Engineer: 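So that we are looking at the same thing, I have put the structure below in structure tokens.
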Amino acid sequence: MPALLIRDLVQVASPPGAGAPLRGSDLRRVDVVEDAYVLCRDGRVAAVGRMAELEPLDDEVAELDGRGLVALPGLVDCHTHACFAGDRVDEFDLRASGASYEELHAAGGGIVSTVRATRAAGEDALRTALERRRGAMRSHGTTTWEAKSGYGLDRETELAQLRAVAAAGGVATWLGAHAVPPEFAGADAYLDFALAEVLPQAAEIAEAADVFLERGAFDAAQARRYLGACRDAGLALRLHADQFTEAGGIELAIELGARSVDHLEATGPGGVRALAASDVTAVLLPIAALVLGRPQAPARALADAGAAVALATDLNPGSAFGESLPLACALACTQAGLAPGEALAACTVNAAHVLGRADRVGRLAPGYDADVVLLDAPDWRYLAYHVSGGDVALVVERGQVAWRR
Ligand code: NIG
Ligand code: FE
């Protein structure tokens, strides 16, 4: 593969430094090089610098004209439910007329209705649907992504979801505790089954496990049991918590050494303080808060307190049907008080940290994977500033053009 030189860029912008996660004042710092180039070799970033300092290159080099464009690290979506069949457009309509997400869930709709559609679809159709969404994510600048199971809740479909995610190049998370499927009398009976019958094989494909800790889903004791067994099977831990109620998810995440706790729309000052003093990353999902008409998570308070903050789409058919991390950045800045630099770090280096990949992706610096997003914009802050999005002009993955507008 010849080297790739992206030249004459207006700017190259990247989170600074080498460690992860970024917190406090480091979270909003951005390294910006004006009139710049990015050189990619063997799938890695070989150099970033000013055009005026570009040394003559003697090997074979393909060139990309970066005039009028800014380069950012490929975006990292650390929380999606991209692998599902069907849709929930009818529920969207009902919610517009006043039905709530929790009421629909309690009435056997919501997550369980997507479980029905996903079980019925079969693995090939599931893979086709996932590929389509993966293409949409890429067109919004996402080059590294996670996706969860949780729409099978039986052995065959959960494993089919995890296989599909891994086959499509995603990071697979076993969300075996998403909801209690209708064939089980209760959460404990379902967990008996899931831990005995699904976990052993899920742990061979997935990198992490996740649980929905919420009224109407799993309580803290059930979540502790599920996550403890998953940790013993070698999986990293994640939690959906504090979406509607504070039910002990942050304390449990800290107790178990989880990678992240995600949602946090209902988190109060005590939870903010506890997270800031911990190694657990707070994953903000502002599209879900927008779609469900919920208050945004206390992003400003978390960042000010020194918490590690990440940002993700939560792409799913119920609460967040959207693949755009730039939209998540726009909402984080306009509705939740983050600065553009904080939003950039949150969906690059800090999201990579949640996925255990911060040494490889999330920065434009020598040695990192050559995953580059080019925005057709005069300033990198258009990532969050341009609410309608659409500025992603070209996406490079591992040093090769993967998508262009
Ligand atoms: O993160 N809250 C739980 N799970 C997803 C929604 C899944 C669905 O509604 O299908 C979430 O918002
Ligand atoms: Fe989610």
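Below, all heavy atoms of this structure are taken into account, side chains as well, without hydrogens, waters or symmetry copies. Counting starts at 1 for both ligands and their atoms, in listed order. Note that the structure is a prediction, hence the values are computed from the model and not measured. Numbers for residues simply follow the sequence, beginning at 1.
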Engineer: Should the heavy atoms of other residues, nucleotides or ligands under 6.0 Å from CG of Asp279 be counted, would the total exceed 12?
Structural biologist: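 Atom CG in Asp279 is not crowded, with 12 or fewer foreign heavy atoms closer than 6.0 Å.
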Engineer: With a cutoff of 4.0 Å, is Glu214 in contact with ligand 1, counting heavy atoms of the residue only?
Structural biologist: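 So Glu214 does not count as touching ligand 1.
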Engineer: Quick one: CZ on Phe92 to CG on Asp87, what's the gap to the nearest 0.5 Å?
Structural biologist: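 Interatomic distance, Phe92 CZ to Asp87 CG, rounded to 0.5 Å: 11.5 Å.
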Engineer: Run the numbers for me: atoms of ligand 1, each under 4.0 Å from some heavy atom of Tyr101, listed by number.
Structural biologist: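 Close to Tyr101: 2 (N), 6 (C), 7 (C), 8 (C), 9 (O).
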Engineer: Is there an N/O/S atom in His263 that lies less than 2.8 Å from the Fe ion (ligand 2)?
Structural biologist: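 Looking at His263, which is the residue asked about, there is no N, O or S atom under 2.8 Å from the Fe ion (ligand 2).
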Engineer: What residue among Leu284, Leu285, Thr173, Leu311 forms side-chain contact (heavy atoms from CB on, under 4.5 Å) with His79?
Structural biologist: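 When side-chain contact (heavy atoms from CB on, under 4.5 Å) is applied between His79 and each of Leu284, Leu285, Thr173, Leu311, only Leu285 qualifies.
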Engineer: Of the protein's non-hydrogen atoms, which lies at the shortest distance from atom 12 (O) of ligand 1, and what is that distance?
Structural biologist: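 For atom 12 (O) of ligand 1, the nearest protein heavy atom comes out as Ser319 OG, 2.6 Å.
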Engineer: Which option out of Phe321, Tyr151, Phe212 puts a heavy atom nearest to atom 7 (C) of ligand 1?
Structural biologist: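 Among Phe321, Tyr151, Phe212, the closest heavy atom to atom 7 (C) of ligand 1 comes from Tyr151.
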Engineer: Return the residue, atom name and 0.1 Å-rounded distance of the protein heavy atom closest to atom 11 (C) of ligand 1.
Structural biologist: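 Of every protein heavy atom, Asp314 OD2, 3.1 Å lies nearest to atom 11 (C) of ligand 1.
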Engineer: Is it true that Arg88 and Thr114 share a donor-acceptor pair across their side chains at a distance under 3.5 Å?
Structural biologist: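 Yes, a side-chain donor-acceptor pair sits under 3.5 Å.
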Engineer: Could you list which atoms of ligand 1 come closer than 4.0 Å to a heavy atom of His263?
Structural biologist: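 The atoms of ligand 1 under 4.0 Å from a heavy atom of His263 are 1 (O), 2 (N), 11 (C), 12 (O).
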Engineer: Relative to the heavy atoms of His81, which atoms of ligand 1 are at a distance of less than 4.0 Å?
Structural biologist: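 Contacts of ligand 1 toward His81, numbered from 1: 1 (O), 4 (N), 5 (C), 11 (C).
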Engineer: Can you tell me how far apart CD (Glu60) and CE (Met1) are? Round to the nearest 0.5 Å.
Structural biologist: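 Going from the CD atom of Glu60 to the CE atom of Met1 covers 12.0 Å.
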Engineer: Classify the ring geometry of Tyr382 against Tyr385: parallel below 30°, tilted from 30° to 60°, perpendicular beyond 60°.
Structural biologist: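 Taking Tyr385 first and then Tyr382, their aromatic rings stand perpendicular (interplane angle over 60°).
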Engineer: When you measure from atom 2 (N) of ligand 1 to every protein heavy atom, which one gives the shortest distance, and what is it?
Structural biologist: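 Looking only at protein heavy atoms, the one closest to atom 2 (N) of ligand 1 is Gln243 OE1, 2.8 Å.
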Engineer: Got more than 12 heavy atoms from elsewhere within 6.0 Å of CZ, Arg404?
Structural biologist: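 No.
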Engineer: Can you list the ligand 1 atoms lying under 4.0 Å from a non-hydrogen atom of Ile111?
Structural biologist: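 Ligand 1 atoms under the 4.0 Å threshold to Ile111: 7 (C), 8 (C), 9 (O), 10 (O).
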Engineer: Specify whether an N/O/S atom of Asp314 falls short of 2.8 Å from the Fe ion (ligand 2).
Structural biologist: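 So Asp314 does bind the Fe ion (ligand 2) by this criterion.
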Engineer: Check if His105 has a non-hydrogen atom at a distance under 4.0 Å from any atom of ligand 1.
Structural biologist: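 Distance cut 4.0 Å: His105 fails for ligand 1.
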Engineer: So if I count the atoms of ligand 1 from 1 in the order they appear, which ones are less than 4.0 Å from some heavy atom of Gly318?
Structural biologist: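 Listed by number with element, the hits are 9 (O).
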Engineer: Take Leu292 and Phe244 through the test side chain to side chain contact (heavy atoms under 4.5 Å, CB included) and record every step on the way to the result.
Structural biologist: CA-CA 11 Å; Leu292 297 187; Phe244 299 102; 3.9 Å; yes
Engineer: Can you find a side-chain donor-acceptor pair between Arg363 and Tyr368 that sits under 3.5 Å?
Structural biologist: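 Yes, side-chain donor-acceptor contact under 3.5 Å.
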Engineer: Under 4.0 Å from a heavy atom of His178: give me the atoms of ligand 1 that qualify, with their elements.
Structural biologist: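 So the atoms of ligand 1 that pass are 3 (C), 4 (N), 5 (C), 7 (C).
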Engineer: Which of the numbered atoms in ligand 1 are below 4.0 angstrom from a heavy atom of Arg88?
Structural biologist: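 So the answer, numbered in order with elements, is 8 (C), 9 (O), 10 (O).
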Engineer: Can you tell me the angle formed at the Fe ion (ligand 2) by NE2 of His81 and NE2 of His240, to 10°?
Structural biologist: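 Value returned, to the nearest 10°, is 100°.
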Engineer: Below 4.0 Å from ligand 1: does a non-hydrogen atom of Thr114 turn up there or not?
Structural biologist: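 No, Thr114 has no heavy atom closer than 4.0 Å to ligand 1.
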Engineer: Cation-pi check for Phe84 against Arg133: NZ or CZ below 6.0 Å from the six-membered ring centre and within 45 degrees of the axis, yes or no?
Structural biologist: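 That pair qualifies as a cation-pi contact.
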Engineer: Less than 6.0 angstrom separating the ring centers of Tyr226 and Trp174, yes or no?
Structural biologist: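 They qualify: ring centres under 6.0 Å apart.
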